[in-house]
Amino acid sequence: MHFDFGPSLKQRGRQVIDVITDGLKTSAKLGVIAAFASLICGVVLGAIAALRRNKVIDRVIMVITTAFVSMPSFIMGSLMLVAFSIKLAILPANGSTTEGLILPVITLALYPTAYITRLTRSSMLDVLGQDYIRTAKAKGVPGKRIIFGHALKNSLIPVITYFGPMLAYIVTGSLVVEQIFAVPGIGRAFVNSIINRDYPLIMGTTIVLAALIVIMNLVGDILYKVVDPRINLE
């Protein structure tokens with residue numbers, strides 16, 4: 001008589017590692033692209049809004065960013081899926097292909113872009129009102145050097161504070177987006193493991209996602225020193 005107790009603990013451990021590794025590759029690629037796209041767009045839009053304060057472009061940017069900040073990712077993803085994949089049939093709805101990652105990247109990047117835009121605008125307006133900026137203008141320092149060499153650089157500290165945890169959040173928090181667009185990432189594997197009550201996979205993905213958050217918080221703290229040498233790391 002033969003009893004099949006399923007795969008051994010060692011074999012099951014290897015299976016969990018393989019699932020996490022394969023899913024993390026896709027989720028990392030998706031998250032990194034979305035994070036850096038949101039960083040670049042957010043800083044640029046925030047700087048433009050700060051330099052054009054109370055002008056038409058500033059108000060337009062603030063209205064758009066407020067709308068994106070207040071809209072959950074699952075609603076935005078569903079709207080984009082209906083609009084671009086079903087109605088217009090421009091982009092595929094399946095995230096397992098390269099073209100299919102375009103909509104998930106945009107969906108993940110919209111909220112961080114809006115938040116970074118507002119954060120950059122607020123920080124840059126505060127920096128532009130500092131005494132050393134007025135001193136630089138009085139000394140005849142060119143406007144571009146004041147903006148890029150002093151104002152923009154010093155206004156990035158709050159952005160860096162947000163960027164580290166944001167990158168970890170995008171990689172680990174794309175559960176709903178990966179489900180909507182059928183992206184074979186770690187978020188989808190995590191959701192499926194919960195549905196199927198696959199406890200080894202649940203524990204493995206939880207440990208990996210928690211480690212990513214800790215690491216990115218550490219990277220963010222180290223980047224403080226790079227941007228502002230006056231900060232001492234103890």
Exercise. Working to the nearest 0.5 Å, report the span between OG of Ser193 and CE of Met203.
Key: 10.5 Å
Self-check item: N/O donor-acceptor pair under 3.5 Å between Ser78 side chain and Phe74 backbone
Solution: yes
Quiz item: If every non-hydrogen atom of Leu119 is compared with every non-hydrogen atom of Pro158, which pair is closest and at what distance?
Solution: CD2-O, 3.4 Å
Quiz item: Are any of the side-chain heavy atoms of Met71 and Leu110 separated by less than 4.5 Å?
Solution: no
Practice problem: Identify whether Ile194 and Ile207 are in the same connected component of the hydrophobic contact network (ILVMFWY, side-chain heavy atoms under 4.5 Å). | Solution: no
Self-check item: Verify same cluster id: Val56, Leu125 (apolar side-chain graph, 4.5 Å)
Solution: no
Quiz item: Same hydrophobic cluster for Leu79 and Ile86, using side-chain heavy-atom links shorter than 4.5 Å among ILVMFWY?
Solution: no
Quiz item: Roughly how far, to the nearest 0.5 Å, is CD1 of Ile215 from CG of Leu218?
Solution: 8.0 Å
Exercise. Could you pull out the closest heavy-atom pair between Leu103 and Pro92, with the gap in Å?
Key: CD1-O, 4.2 Å
Quiz item: What's the spacing between Ile202 CD1 and Ile195 CD1 if we round to 0.5 Å?
Solution: 10.0 Å
Practice problem: Supply the atom-to-atom distance Leu30 CG to Thr107 OG1, rounded to the nearest 0.5 angstrom. | Solution: 9.0 Å
Quiz item: Going by heavy atoms in the side chains, are Met76 and Val177 under 4.5 Å from each other?
Solution: no
Which donor-acceptor pairs under 3.5 Å do the side chains of residues 38-49 make with protein atoms, sequence neighbours left out?
| residue | atom | partner | partner atom | Å |
| --- | --- | --- | --- | --- |
| Ser38 | OG | Ala34 | O | 3.1 |
| Ser38 | OG | Ala35 | O | 2.6 |

Exercise. Rounded to the nearest 0.5 Å, what's the gap from CD1 on Ile106 to CG on Leu91? Could you check?
Key: 7.0 Å
Practice problem: Spell out, as yes or no, whether a donor-acceptor pair under 3.5 Å connects the side chain of Ser85 to the backbone of Val82. | Solution: no
Quiz prompt | Min side-chain heavy-atom separation Ile61-Arg121 under 4.5 Å | solution = no
Self-check item: Test ring-ring contact (aromatic ring centres under 6.0 Å, His included) applied to Phe163 and Tyr115, step by step
Solution: CA-CA 10 Å; Phe163 182 75; Tyr115 192 89; over 10 Å; no
Quiz prompt | Closest non-hydrogen atom pair between Tyr162 and Pro112, with its separation | solution = OH-CA, 3.9 Å
Quiz item: Distance-only, no hydrogens or angles: does the Thr65 side chain make a donor-acceptor pair with backbone N or O of Met62 under 3.5 Å?
Solution: yes
Exercise. Check for a donor-acceptor pair, side chain of Thr120 on one end and backbone N or O of Thr117 on the other, with a separation under 3.5 Å.
Key: no
Quiz item: If every non-hydrogen atom of Asp58 is compared with every non-hydrogen atom of Arg52, which pair is closest and at what distance?
Solution: CB-O, 3.0 Å
Exercise. Starting at OG1 of Thr206, measure out to CG of Leu201 and round the result to the nearest 0.5 Å.
Key: 9.0 Å
Exercise. Begin from the C-alpha positions of Leu101 and Lys29 and carry the test side-chain contact (heavy atoms from CB on, under 4.5 Å) through to its verdict.
Key: CA-CA 10 Å; Leu101 292 178; Lys29 178 173 65 176; 3.8 Å; yes
Quiz item: Considering only heavy atoms from C-beta outward, does the side chain of Leu51 approach that of Met124 to under 4.5 Å?
Solution: yes
Practice problem: Specify the closest pair of heavy atoms between Ala114 and Phe68, including all atoms of both residues, with the distance to one decimal. | Solution: CB-CB, 3.8 Å
